[in-house]
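Here is the structure we will look at, set down as structure tokens.
Computed from a predicted model, the values in this text were never measured in an experiment. Numbering starts at 1 and runs along the sequence shown. Computed from heavy atoms alone, side chains included, the values below leave out hydrogens, waters and symmetry copies.
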Amino acid sequence: MSHSRDPLVTEVTEVVDNGNCSGCGVCAGLFPGIEMTLSADGFMRPDLSERRNAVPREDECRVFNRVCPGKRVTAPPADQGTRHHEVFGRYVQVWEGWAVDPEVRRAGSSGGVLTAISSYLSMKKRAPARVVAMDSANPSRSVPIQIMSRAEALNAAGSRYAPVSVGAGPLDELSSITGKPCEVSAIRATRNDLPAGPVLLSFFCAGTPSQKATDELVGQLGHSIENLTSSKYRGDGWPGQFVVESSDGSSNAMSYEDSWGAVLGKQLQDRCKICVDGTGESADVAVGDYWASDQAGYPLFADADGRSVVIARTPRGLRLVEECVDAGILEVRPILLDDVAKIQPLQVKRRRSLPGRLLGRILVGRSVPRYPGYKLARTFFSNLGLNLRAVGGTVRRNVRAGTVNRSR
């Protein structure tokens, strides 16, 4: 079968061309002849050039259409013992929490919870945990790595607001995987929601910025990519700063409010703007910032000790959090998700206005992923004004960007 007639190539290309690829990398992990590379616009995208040497399998398209988050994200099932929240979805229990180890807490982006859990699991199970860290060979970039110790976990701690494909590569023989919500939902789908295998950890995500945004920040701070020796987006205190260092020993920093608010958050990939799950519903445990906030619910960025929202999404996740508390790894106290919603206005608005943004894309002839189980029709009508404005805004942005598909 020639490359041009390979049905999987057609499916993957359609996802990419419609702006529905999240860069998760699961297709590269599952199918021969696909590799994830950085595209011209600064995002991780599947490179299909080697598919001409691959032998297509009969079930590839069926599997791809089930697991690719650019095609489909299915709401996690309401298992026995789980509850459901309008914004945050499936959960068993929720806490405010942080790492007991003060060094881990300071190194992490918001309390060091994910760093503490992944380190604990890697040492307990004597199996590597997959996390994201700075690329030592190219410090402006981010890559998935395997950790096996507290020291390695500390070295990798802190958010990486950059394109990276956690789903690319073997998934077995890992103690845990920490990834974006889209990556975790795709990985979960590859395992047919089986409870065995790596523990799946995720975090509240506002979208993936282009690599170009990081490069722009490096330049704004007076450094060059070629001479960079280190880049950190957050950590070393909360909320942390964007910090870069160069080979001449110089170091400069920018506040999280300025780095995310003025640059990173304004260069997000298209798929993130129609994301159904920004809070890691398919994970076993999901973690987010538990911000101090103003009266409107918007975060205050004053330095403080990191605190996290910790959500056990599954019974397995509940057992893990309780085990970490008993082992002196985490400290937690129960909170209500309705209170979390008050300090996460972006996640609330994005979830409630998603149906309008999806409809706007459909009206300009672009395909959108399917989101079965998320009750989007109900969300549309219960937030009608918000969604009608989202329809209009989406159509206008697509017209201005020239992304209207007039052939559909």
- Message: Assess whether a salt bridge exists between Arg188 and Asp284, defined as any Lys/Arg side-chain N lying under 4.0 Å from an Asp/Glu carboxylate O.
- Response: yes
- Task: Tell me, yes or no, whether the heavy-atom count around Lys232 atom NZ, taken from other residues, nucleotides or ligands under 6.0 Å, exceeds 12.
- Result: no
- Message: Are Val340 and Tyr290 packed together at the side-chain level, in the sense that at least one heavy-atom pair is separated by less than 4.5 angstrom?
- Response: yes
- Message: Given 3.5 Å as the limit, does a donor-acceptor pair link the side chain of Arg130 with the main chain of Val166, or not?
- Response: yes
- Query: What's the spacing between Ser202 OG and Asp277 CG if we round to 0.5 Å?
  - Reply: 7.0 Å
- Query: Can you tell me how far CG of Asp305 sits from CH2 of Trp98, rounded to the nearest 0.5 angstrom?
  - Reply: 9.0 Å
- Task: Kindly indicate, with the supporting measurements, whether the criterion side-chain hydrogen bond (donor to acceptor under 3.5 Å, both in side chains) is fulfilled by Thr314 and Arg90.
- Result: CA-CA 8 Å; Thr314 63; Arg90 175 180 68 167; 5.9 Å; no
- Message: Tell me whether the rings of Tyr374 and Tyr371 are parallel (<30°), tilted (30 to 60°) or perpendicular (>60°).
- Response: perpendicular
- Short side-chain to backbone donor-acceptor contact, Thr13 and Thr10, under 3.5 Å: no
- Message: With a 3.5 Å distance limit and no angle check, can you tell me whether Arg234 reaches the backbone of Ser109 through a side-chain donor-acceptor pair?
- Response: yes
- More than 12 heavy atoms from other groups under 6.0 Å of CD on Glu35: no
- Item | Heavy-atom side-chain proximity of Val164 to Lys180 below 4.5 angstrom | yes
- Rounding to 0.5 Å, atoms CG (Leu221) and CE (Met254) come to a distance of 4.5 Å
- Message: Closer than 4.0 angstrom, basic N to acidic O: yes or no for Asp215 and Lys212?
- Response: no
- Is any side-chain N of the basic residue among Arg51 and Glu60 closer than 4.0 Å to the acidic one's carboxylate O? yes
- Message: Assess the residue pair Gln93 and Glu322 against the criterion (side-chain hydrogen bond (donor to acceptor under 3.5 Å, both in side chains)); give the C-alpha distance rounded to whole Å, side-chain angles, the decisive distance to 0.1 Å, and a yes or no.
- Response: CA-CA 10 Å; Gln93 183 59 279; Glu322 291 175 339; over 6 Å; no
- Query: If you take all heavy atoms of Ser22 and Pro69, which pair is closest and at what distance?
  - Reply: OG-CG, 3.7 Å
- Close side-chain approach of Glu281 to Pro181, heavy-atom, < 4.5 Å: no
- Distance col, row Ser165:OG vs Leu38:CG, nearest 0.5 angstrom, shows 9.5 Å
- Note on the structure: Here the pair of heavy atoms bringing Leu376 nearest to Pro355 is O-CG, 3.3 Å
Using atom types as modelled, flag every donor-acceptor pair under 3.5 Å from a side chain in residues 171-179 to any protein atom, sequence neighbours excluded.
residue	atom	partner	partner atom	Å
Asp172	OD1	Arg191	NH1	3.3
Ser175	OG	Ala127	O	3.0
Ser175	OG	Pro128	O	3.2

- Query: Closest heavy-atom contact between Ala168 and Met36?
  - Reply: CB-CG, 4.3 Å
- Message: What I want to check is whether the side chains of Tyr233 and Thr214 have a donor and an acceptor closer together than 3.5 Å.
- Response: yes
- Item | Contact check, side chains of Thr403 and Val364, non-hydrogen atoms, under 4.5 Å | no
- Message: For Leu200 and Ser282: C-alpha separation, side-chain torsions, deciding distance, then whether side-chain contact (heavy atoms from CB on, under 4.5 Å) applies.
- Response: CA-CA 8 Å; Leu200 299 182; Ser282 293; over 6 Å; no
- Query: Judged by modelled atom types alone, do Ser142 and Arg160 share a side-chain donor-acceptor pair under 3.5 Å?
  - Reply: yes
- Work out which heavy atom in Gly19 is nearest to a heavy atom in Asp270; give both atom names and the distance. O-CB, 3.3 Å
- Nearest 0.5 Å, what's the CD1-CG distance between Ile362 and Leu358? 6.5 Å
- Task: For residues Ile145 and Ala156, report the shortest heavy-atom separation together with the two atoms involved.
- Result: CD1-CB, 4.0 Å
- Query: Between Asn65 and Cys61, is there a donor-acceptor pair closer than 3.5 Å when you use the side chain of the first and the backbone of the second?
  - Reply: yes
- Nearest heavy-atom approach of Ile34 to Ala28 is O-CB, 3.5 Å
- Message: Applying side-chain hydrogen bond (donor to acceptor under 3.5 Å, both in side chains) to Asp248 and Ser246, what does each step give before you reach the verdict?
- Response: CA-CA 5 Å; Asp248 62 2; Ser246 288; 4.7 Å; no
- Would you say the side chains of Asp47 and Ser49 form a donor-acceptor pair under 3.5 Å? yes
- Task: Could you tell me whether the side chain of Gln220 reaches within less than 4.5 Å of the side chain of Val263, counting heavy atoms only?
- Result: yes
- Task: For the pair Ser122 (side chain) and Ser119 (backbone), establish whether a donor and an acceptor sit closer than 3.5 Å, ignoring hydrogens and angles.
- Result: yes
- Query: Does the side chain of Asn383 reach to within under 4.5 Å of the side chain of Ser353, using non-hydrogen atoms?
  - Reply: no
- Find out whether Val16 and Pro46 are in side-chain contact, i.e. whether some heavy atom of one side chain is under 4.5 Å from a heavy atom of the other. yes
- Does Arg361 use its side chain to pair, donor to acceptor, with the backbone of Thr394 at less than 3.5 Å? no
- Does Arg352 offer a backbone N or O that forms a donor-acceptor pair with the side chain of Asn387 under 3.5 Å? yes
- Within the side chain of Arg351, is there an N or O that forms a donor-acceptor pair under 3.5 Å with the backbone of Val87? yes
- Can you measure from OG1 (Thr115) to CZ (Arg106) and round to the nearest 0.5 angstrom? 14.0 Å
- Going through the distances and angles, do Val26 and Phe31 end up as a side-chain contact (heavy atoms from CB on, under 4.5 Å)? CA-CA 9 Å; Val26 166; Phe31 309 116; over 6 Å; no
- Message: If we ignore hydrogens and angles and just use 3.5 Å, is the side chain of Arg271 paired with the main-chain N or O of Gly23 as donor and acceptor?
- Response: no
- Message: As a quick check of understanding, evaluate ring pair (Phe, Tyr, Trp, His ring centres under 6.0 Å) for Phe88 and Phe204, giving each step before the final call.
- Response: CA-CA 10 Å; Phe88 299 102; Phe204 291 10; 5.7 Å; yes
- Task: Apply side-chain contact (heavy atoms from CB on, under 4.5 Å) to Ile117 and Ile329, showing your working.
- Result: CA-CA 8 Å; Ile117 292 176; Ile329 304 298; 5.6 Å; no
- Stepwise side-chain contact (heavy atoms from CB on, under 4.5 Å) check, Arg45 with Gln269: CA-CA 11 Å; Arg45 294 291 179 261; Gln269 62 183 353; 3.0 Å; yes
- Message: By the definition side chain to side chain contact (heavy atoms under 4.5 Å, CB included), identify the one residue from Leu320, Val104, Val325, Asp101 that meets it with Leu330.
- Response: Val325
- Message: Surrounding CZ of Arg57 (heavy atoms of other residues, nucleotides or ligands, distance under 6.0 Å), is the total greater than 12?
- Response: yes
- Message: Measuring only between side-chain heavy atoms, which start at C-beta, is Val67 closer than 4.5 Å to Leu30?
- Response: yes
- Side-chain (Arg350) to main-chain (Ala206) donor-acceptor, under 3.5 angstrom: yes
